[in-house]
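Start at 1 with the first residue, then count along the sequence.
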Amino acid sequence: MARHLITSALPYINGIKHLGNMVGSMLPADVYSRYLRQRGHDVLYICATDEHGTPAELAAKEQGLPVAEFCAQAHDAQKAVYDGFALAFDYFGRSSSAQNVEITQHFARRLNENGFIEERAIRQVYSPADGRFLPDRYVEGTCPHCGYDKARGDQCENCTRVLDPTDLINPRSAISGSTELEVRETKHLFLLQSKLQHEVEEWVARHEADWPQLASSIARKWLTEGLHDRAITRDLDWGVPVPADTWPELAADGKVFYVWFDAPIEYIAATKEWSDAAPAGETRDWKSWWYEADDTVRYTEFMAKDNVPFHTVMFPATELGVREPWKKVDYVKAFNWLTYYGGKFSTSQKRGVFTDQALDILPADYWRYFLIANAPESDDSSFTWEHFTATVNKDLADTLGNFVNRVLSFSKKRFGDEVPAGDAPGEAEAKLGEQIAELLAEYESQMESLQFRKAAAALRALWSAGNSYLEEKAPWLEIKTDKDAAALTLRTAMNLIHLYAVVSEPFIPSTAKTMREAFALPDDTATWITADEARALTAVPAGTPFTVPPVLFAKLTDEDLEAYKERFGGTEG
């Protein structure tokens, strides 16, 4: 089986993330990782908190904490939420790790040796009111290209153009709001991306046909506009230090690498963190996943569209310039935005649901299923409480949950605590088996191609097939005239429940575990269902003890809907 390296965009250290962040990177990466593991592949899913940059410094200052302590606490808080969502990272690291310092400095030295880093004196925005140089993202103003009035000095969120602070119209400090800004001279290191343009173009050309149109079009747009040399250091107190053995003057000035340079390298560093954290007696070879791994590892990245340029153009340029055989991404799964009633999520405006709040309301599986079933793949998608409620009630409570409950409850009431025997399978069961095998193949196909909405639809179709079979056979009527026929129907339906438990695990792992544990199968080691097993539906034989689990999914009421909208807002953005 193949080795699959999977990464998702690093969540920034400031604050708990909203549902859009979850569905745009970490959750689909987890669903895909779980699926691949079930199919027998060797999978390594790596993520980390992105901890450097001015926002972390400012947030720490606001809380009266040293920045390192603030980041440590914020990392733990985020990790707790991701654990609550059952994200099965193999390792969730930190970009402030010693491993990232080591590897980032190594990359910088190699780029410098190869002629791709240059020291330049530049004029940079300084805010006397704040008493500091302002990093690009902490200069705000109006974008000269699209007129967006909240553009940052590094990039316009609205049109995605790369900017310099001096490009902005009516610039102001994002810290104090002061418009009394000066431009002073300071020295920084620049990555000469312009010298790597042709190599990046060739590399993208070899891969873009396989990527989703969203990822390839963004990468091509950046290349068409041309790669520009970009500063990779900043005047900050927090970050990966510029190595003194290579740039003593800049190191003495306290320069650190810019977060956009060190954050992608953290994917490699977090893998080394995973390796270094191996328990006694276990050896983990981190480098085999990243170095000279083109023929042995398939690398898939998950990210929202604003991160695509960094991972399809800028980080590949870095890796190419190092002139070492580091693994570059094979497939970029890019997502559009999840909006809240058509507008942006906003903490200050009490608009939208954040991941910790979501878990306070309902268990993770409710959110996991809804978000993946409505993932913003081909275009933006909008979260509304009406849509969420309807999806939970129709798909989870009625189609899956009610099927499980009524099959097990009815069988327990009429046949006791063991799976009934009944007749041998007949024409209806043969027809059902063929249908299930076909639907399972469709589900597998969509998962393999990372089409998550279509995969969710295929999974839903599998669940619906069980309900259709149950309605056709109607065991509550069969039992009145043919008890063995009713027993066969219920036994077949119980085998469907077991099949659902196995194949639904990537989407709803907690519920899948509950369904699977309903049956006392001592040798139940199945990680997936073959087509022949789907046709036969015999994994749970007659005589197997079972229990009726609690209600899997509670239906949401109109009162619930109104309460959610009142708490979080529920109007068009």
With F388 via ring pair (Phe, Tyr, Trp, His ring centres under 6.0 Å) - residues at least two apart: W367, F370, F383, W385

Distance-only side-chain donor-acceptor flag, N170 / T142, under 3.5 Å: no

Residues Y340, F345; criterion ring pair (Phe, Tyr, Trp, His ring centres under 6.0 Å); working and verdict: CA-CA 6 Å; Y340 186 79; F345 285 77; 5.7 Å; yes

Partners passing salt bridge (Lys or Arg N to Asp or Glu O under 4.0 Å) against D90 (at least two apart in sequence or in another chain): R37

Check against side chain to side chain donor-acceptor pair (under 3.5 Å), D130 and S176: CA-CA 7 Å; D130 300 304; S176 62; 3.2 Å; yes

Residue pair S194 / D229, side-chain donor-acceptor N/O under 3.5 Å: yes

Exercise: do H188 and Q124 side chains pair donor with acceptor under 3.5 Å: yes

Worked verdict on F190 versus T233 for side chain to side chain contact (heavy atoms under 4.5 Å, CB included): CA-CA 8 Å; F190 277 71; T233 54; over 6 Å; no

K328, NZ atom: more than 12 neighbouring heavy atoms under 6.0 Å: yes

Side chain to side chain contact (heavy atoms under 4.5 Å, CB included) between E180 and S173, intermediate numbers included: CA-CA 8 Å; E180 301 299 320; S173 166; over 6 Å; no

Heavy atoms from other residues, nucleotides or ligands near CD of E202 exceed 12 (cutoff 6.0 Å): yes

No-hydrogen, no-angle side-chain donor-acceptor test under 3.5 Å, Q197 and Q193: no

Intermediate values then yes/no, salt bridge (charged side-chain N to carboxylate O under 4.0 Å, His left out), K344 and E157: CA-CA 12 Å; K344 289 187 175 182; E157 289 184 349; 3.5 Å; yes

Proximity of Y267 and H311 rings by center, below 6.0 Å: yes

Selection residues 120-165 - residue pairs positive for ring pair (Phe, Tyr, Trp, His ring centres under 6.0 Å), sequence neighbours left out: Y126-F133

K305 vs D380, salt bridge (charged side-chain N to carboxylate O under 4.0 Å, His left out): CA-CA, chis, key distance, verdict: CA-CA 10 Å; K305 58 186 175 183; D380 292 350; 3.5 Å; yes

Distance-minimising heavy-atom pair for T339 and G343: CB-O, 3.3 Å

Closest approach of P376 to L338 (non-hydrogen atoms, all atoms of both residues): CG-N, 4.0 Å

Interatomic distance, E51 atom CD to I13 atom CD1 [nearest 0.5 angstrom]: 4.0 Å

Nearest-0.5 Å distance, CG of residue L27 to OG of residue S8: 10.0 Å

Straight-line distance of M26 CE to L371 CG, nearest 0.5 Å: 11.0 Å

Donor-acceptor pair between E377 and N336 side chains, under 3.5 angstrom: no

S25 (side chain) donor-acceptor with N21 (main chain) under 3.5 angstrom: yes

Side-chain atoms of residues 61-70: list all donor-acceptor pairs with protein atoms under 3.5 Å, sequence neighbours left out, distances to 0.1 Å.
{"residue": "E69", "atom": "OE2", "partner": "Q73", "partner atom": "NE2", "Å": "3.4"}

Side chain to side chain contact (heavy atoms under 4.5 Å, CB included) between L163 and D154, intermediate numbers included: CA-CA 5 Å; L163 301 171; D154 58 347; over 6 Å; no

Closest contact, heavy atoms only, V329 versus H207: O-CD2, 3.9 Å

A86 versus R368, closest heavy-atom pair with distance: O-NH1, 3.3 Å

Verdict with supporting geometry, Y299 and W290, ring pair (Phe, Tyr, Trp, His ring centres under 6.0 Å): CA-CA 9 Å; Y299 177 20; W290 284 102; 5.1 Å; yes

Aromatic ring pairing H4/Y32, orientation class (parallel under 30°, perpendicular over 60°, tilted between): perpendicular

E266 CD to T104 OG1 distance, which is reported to the nearest 0.5 Å: 8.0 Å

Side chain to side chain donor-acceptor pair (under 3.5 Å) between H52 and E57, worked out: CA-CA 8 Å; H52 292 140; E57 289 186 5; over 6 Å; no

E140/R172 ion pair, N-O < 4.0 Å: yes

Flag for E273-S97: side-chain donor and acceptor within less than 3.5 Å: yes

Qualifying salt bridge (charged side-chain N to carboxylate O under 4.0 Å, His left out) pairs with a residue from residues 233-251, counting only residues at least two apart or across chains: R109-D245, D136-R234, K187-E249, D235-K255

Where I103 and A269 come nearest, the two heavy atoms and their spacing: CD1-CA, 3.8 Å

Short N-O contact, K327 and D295, less than 4.0 angstrom: no

W203 versus P316, closest heavy-atom pair with distance: CZ3-CG, 3.6 Å

Interatomic distance, T318 atom OG1 to I232 atom CD1 [nearest 0.5 angstrom]: 7.5 Å

Under-4.0 Å salt bridge between E301 and K333: no

Side-chain donor or acceptor of D50 paired with backbone N/O of A263 under 3.5 Å: no

Check against side chain to side chain contact (heavy atoms under 4.5 Å, CB included), I46 and L44: CA-CA 6 Å; I46 295 292; L44 187 65; 3.9 Å; yes

Donor on one side chain, acceptor on other, Q451 and S449, under 3.5 Å: no

Sequence neighbours excluded, every pair satisfying ring pair (Phe, Tyr, Trp, His ring centres under 6.0 Å) that has a member inside residues 82-105: Y45-F89, H75-F92, Y82-F92, F89-F92

Derivation and outcome, salt bridge (charged side-chain N to carboxylate O under 4.0 Å, His left out), residues E199 and R323: CA-CA 12 Å; E199 293 180 53; R323 299 295 192 243; 2.9 Å; yes

salt_bridge(E225, R220) N-O dist < 4.0 Å: no

Pair R3-S288, side chain to side chain donor-acceptor pair (under 3.5 Å): steps then yes or no: CA-CA 10 Å; R3 303 175 79 209; S288 71; 3.1 Å; yes

Ring centroid separation W326 to Y291 under 6.0 Å: yes

More than 12 heavy atoms of other groups within 6.0 Å of K150 NZ: no

Main-chain N/O of V43 paired to H41 side chain as donor or acceptor, under 3.5 Å: no

F452 six-ring face occupied by K454 cation (under 6.0 Å, within 45°): no

